[in-house]
2 protein chains.
Amino acid sequence: MPDRTHSANEAETVSAMSERRATLVDVAQRAGVSRGTASKALNGAGQLRASTRQRVIAAAEELGFEASPAARSLLSGRSYTVGLLTSDSLGRFSIPVLLGAEDLLATGEMAILLCDARADRIREQHYIRTLLARQVDGFIVTGHRSDARPSLTASLPVPVVYAYTPSDNPNDLSVVPDDLQGGVLAGHHLTSIGRRRIAYVGGPQRYHASHLRLQGMTTALEQAGIQPHGEPLFGEWRESWGRQAAQILLKSVPDLDAVFCASDHLARGVCDVLREAGVSIPDDVAVVGFDNYSEMVMAARPPLTTIDMNLRKVGEIAAGHLLDAIAGRPRSGLETVPCELVIRESTVKD
Amino acid sequence: MPDRTHSANEAETVSAMSERRATLVDVAQRAGVSRGTASKALNGAGQLRASTRQRVIAAAEELGFEASPAARSLLSGRSYTVGLLTSDSLGRFSIPVLLGAEDLLATGEMAILLCDARADRIREQHYIRTLLARQVDGFIVTGHRSDARPSLTASLPVPVVYAYTPSDNPNDLSVVPDDLQGGVLAGHHLTSIGRRRIAYVGGPQRYHASHLRLQGMTTALEQAGIQPHGEPLFGEWRESWGRQAAQILLKSVPDLDAVFCASDHLARGVCDVLREAGVSIPDDVAVVGFDNYSEMVMAARPPLTTIDMNLRKVGEIAAGHLLDAIAGRPRSGLETVPCELVIRESTVKD
DNA sequence: ATGAAAGCGCTAACAT
DNA sequence: ATGTTAGCGCTTTCAT
């Protein structure tokens, strides 16, 4: 029984594990067939006696055989790899997209090469070259905002799907959350719990999402025969703007009974100020956020009702479309993924 | 001059770009040498006339030649790729580590294969096999907490570096932030601005970091001839625990003049309650957080003085060590990266 | 200093 | 139904 003093030997033993990876020839030999036959057996190709196929598969398993991707790639010109290009440092939004994509791609034997261009076009070009040199089968392009980015599709010889951050070319394939429908969900929820004087606090005007979410809400309110209460407010995507907006609302429309905020940050800021002003949430004013950003949502007092963009699903769908495109079934245009309402105590008492 | 109606043709032209990648043979032909010579010229190997080398390099550039990684990989058994394995969904801590690693690896011609095991051991094993099948040259293993995780090193035939989340085998190479020194920084800062009654609010007891940060603070206070004020408090990594802790402090040690919190979340919770209780920050009580998590730090009122763990650097250093190990210069043991103090208004007036 | 040739591990066409 | 062979793009001896 080895004790501590043998650790060096143990290390050798372990590294011996890696002696040499079993190769197709090994498998063929062991199964008593030729390489060609072994290859066919393993790939389910050609005409083989079932028993032969079995024998080869068994041999492969015993040897722990895994085909060399390098060799396969050399032959096929493919790499069974997709490049995930994020235009700016991986952030709150790109992560779930990435994870969703990974979920789907992992099942398809595809690996993800990660490249974060840090909002730097030069760096982006560099990465693109690197990825192309590595023969990636396709690209998923993502970013930190839902406004369009310059298209890359025309300059790439492989399929590209934009996820979350769409391409500015409407013919490219982009998968994005449905901000408009998200706004509708929020509006409906508020009217359905009897609110009638509903204000809106958005992010910056230059963000399309600020407008779409308002528009969605407005649509929902119209169905209940009402209008947004007071002027919609626009500012920064910050808690501090949420706080400031709440002050404005308290002055301009003190009779409001609900606020829909275009982000959870804003909603939290709004809640803080309302609460400190003695307004009870949700009794006096109901608050709905956007993003379902768990840190915000749970730290807010009370926890926020919010809209979830299903970013994971956005990533999954994008990855699925990419696989399709790689398989020769391209698609194009803008595809939206529905948002979901998540109800918590900021609109409905526990 | 093409106008919009030619877009289809333009598209063809563009896709023609991808006709066929220039190969080494093309370069050799163009330079009027053999493949072997061209290869040597491009790799700076062998004995070549300078002029020949130049000619080849020029030809390669004109053709936009990039050596096929597949072919190279087939020959060398290496893939010029490292696997980045995160044990749980990419989070706040693993992202900067990953970006730091990417920064360093990108310069070394290395690409990153991303695998997120979602805290699932089965999934982790699956990914490890996939990555090994792809002949990754090494692994960077990371996670969401700074406590040790089970070692993978012995079961992997390639070098492994643990970043942020260390291995439970002290002989493995792990790179982690220096929590102890971070605590010292916080303690020194508080004593240096004249505080003497300094309380501590930690995270869960089961997190080593909770203790290390306290220990660091205590060391610093001892140098100033004082002790932590009141009993150190431990709870969850949540704002709500920060709020609760502040209530406790207000009761148990109302004369405190500073609080060091083991995370920015806690610090924010503490600030909220103190402020609402009419305590002025930093006049009455100075507050120091930990993480330099920008969302928290900037949303807190006032913005938080905090300790930055330099996670990006942790990632960079880990990647550097991995490259060294791959190059045959392995290292081992636990390496700590110093934290930095970031001063904001929660301790020092603007 | 340069060229020729072998071979990395695999698949696909062709032959049997 | 199975075996044989050529070749993917590159590097590396070994000749010259």
Side-chain angles (χ1 to χ4, degrees), chain A residues 18-60 63-81 109 130 132-137, chain B residues 18-60 63-81 109 130 132-137:
Chain A
S18 66
E19 276 190 28
R20 196 174 62 80
R21 299 182 32 153
T23 171
L24 185 58
V25 187
D26 302 332
V27 174
Q29 244 165 31
R30 174 149 195 151
V33 297
S34 72
R35 281 170 19 220
T37 307
S39 173
K40 282 171 210 154
L42 262 9
N43 296 304
Q47 314 269 313
L48 263 59
R49 211 177 324 173
S51 64
T52 312
R53 185 157 306 194
Q54 276 315 316
R55 208 154 17 98
V56 173
I57 292 177
L63 267 44
F65 170 79
E66 297 231 38
S68 148
R72 190 173 263 180
S73 175
L74 188 54
L75 212 49
S76 65
R78 289 188 47 186
S79 64
Y80 300 89
T81 289
E109 309 259 81
T130 308
L132 288 179
R134 285 180 187 262
Q135 313 244 45
V136 292
D137 300 340
Chain B
S18 65
E19 274 190 29
R20 194 175 62 78
R21 300 185 29 158
T23 172
L24 185 58
V25 186
D26 302 331
V27 174
Q29 243 165 32
R30 176 148 191 152
V33 297
S34 72
R35 284 175 10 225
T37 306
S39 172
K40 283 169 209 155
L42 262 10
N43 296 304
Q47 313 270 313
L48 263 60
R49 212 177 323 173
S51 63
T52 312
R53 184 156 305 192
Q54 275 316 316
R55 211 154 15 99
V56 174
I57 292 177
L63 267 45
F65 170 79
E66 298 231 38
S68 149
R72 190 173 265 180
S73 175
L74 188 53
L75 212 48
S76 66
R78 289 188 45 186
S79 63
Y80 299 89
T81 290
E109 311 257 80
T130 308
L132 287 179
R134 285 181 187 261
Q135 315 243 43
V136 292
D137 300 340

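The structure displayed is predicted, hence computed values, not measured ones.
- Side chains of A:Thr81 and B:Arg134: a donor-acceptor N/O pair is present below 3.5 angstrom, by distance only.
- Comparing the axis of the opening five pairs of the helix from C:dA1-D:dT16 to C:dT16-D:dA1 with that of the closing five pairs yields an angle of 50°, rounded to 10°.
- At a threshold of 4.0 angstrom between heavy atoms, the contacts of A:Thr52 are confined to the sugar-phosphate backbone, with no base atom among them.
- Side chain of B:Arg21 to main chain of A:Ala133: a donor-acceptor pair is present (N/O by atom type, distance under 3.5 Å, no hydrogens or angles).
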Go along nucleotides 4-11 of chain D 5' to 3' and tag each nucleotide: B for a protein heavy atom under 4.0 Å from its base, S when only backbone or sugar atoms are that close, - otherwise. B-BBBBBB

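- Atom CZ of B:Arg35 is separated from atom CG of B:Asp26 by 11.5 Å, given to the nearest 0.5 angstrom.
- Closest heavy-atom contact between B:Leu42 and B:Phe65: CD2-CE2, 3.9 Å.
- We find that CZ of B:Arg49 is positioned 10 Å from P of C:dG3, with the value rounded to whole Å.
- Separating the CD1 atom in A:Ile57 from the OG1 atom in A:Thr52 is a distance of 10.5 Å, to the nearest 0.5 Å.
- The OG atom of B:Ser39 lies 8.0 Å from the CZ atom of B:Arg72; values are rounded to the nearest 0.5 Å.
- For the atom pair A:Ser76 OG and A:Asp137 CG, the distance stands at 7.5 Å (nearest 0.5 Å).
- Atom CG in B:Leu48 sits roughly 14 Å away from atom C1' in D:dT12 (whole-Å rounding).
- Rounding to the nearest 0.5 Å gives a distance of 5.0 Å between CZ of B:Arg53 and CG of B:Leu48.
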